[in-house]
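So the structure is just underneath, and the comments pick up after that.
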Amino acid sequence: MTEKCIFCEILAGKAEASFVYRDEAVAAFMDIQPVNPGHVLVVPVRHTAMLSELNEEDGMQMFRVAQRVAAAVRATSKLPSAGVKCEGVNFFLADGRAAGQEVWHVHLHVFPRFAGDGHHMRFSPNYFKPSTRQDIEQTAEKLREVW
Ligand SMILES: [Zn+2]
């Protein structure tokens with residue numbers, strides 16, 4: 001655990017959070033700045049700054065818990081006393097500063113989406129220039145080389 005890691009403080013009970021789930025490896029608690037109500041963060045219990053440092057077992061458990069969170073968010077949207085509005089679910093994990101990571105403890109965002117919620121992904125103009133089959137295959141080859 002690092003001194004100023006807010007997620008480690010939450011996991012140690014030194015900072016407030018609303019937990020949804022916790023086991024030995026993974027915890028899930030509400031994001032304090034939700035994209036939409038029902039936004040949950042899934043984190044490894046052991047402090048791990050980057051995805052590349054996360055052991056695969058914890059990574060698998062994170063995804064397993066995230067699937068359950070998504071199912072719970074969808075389920076609450078069907079309750080008579082409407083829980084959260086949910087027509088779809090996004091998973092988002094920022095690994096590294098360039099990817100938008102701001103808290104240096106791995107976390108997977110799980111949040112409900114619905115038509116007209118006002119959130120969008122923006123792509124650079126490069127996205128709309130189609131890649132050639134050759135470019136795509138060359139990139140795949142490079143990835144296979146370092147696998
Ligand atoms: Zn931490």
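Start at 1 and go down the list; that is how both ligands and their atoms are numbered.
- Within His47, the N, O or S atom lying nearest to the Zn ion (ligand 1) carries the name ND1.
- Here the N, O or S atom of His105 that is nearest to the Zn ion (ligand 1) is ND1.
- Residues Lys85 and Pro37 fail the side-chain proximity criterion, which asks for heavy atoms closer than 4.5 Å.
- With the Zn ion (ligand 1) as the vertex, SG (Cys8) and SG (Cys5) define an angle of 120°, rounded to 10°.
- Below 30°, between 30° and 60°, or above 60°: for Tyr127 and Phe123 the angle between ring planes is below 30°, a parallel geometry.
- Remark: side-chain polar atoms of Arg22 are not paired, donor with acceptor, to backbone N or O of Val45 under 3.5 angstrom.
- Partners of Tyr21 by ring-ring contact (aromatic ring centres under 6.0 Å, His included), not counting sequence neighbours: none found.
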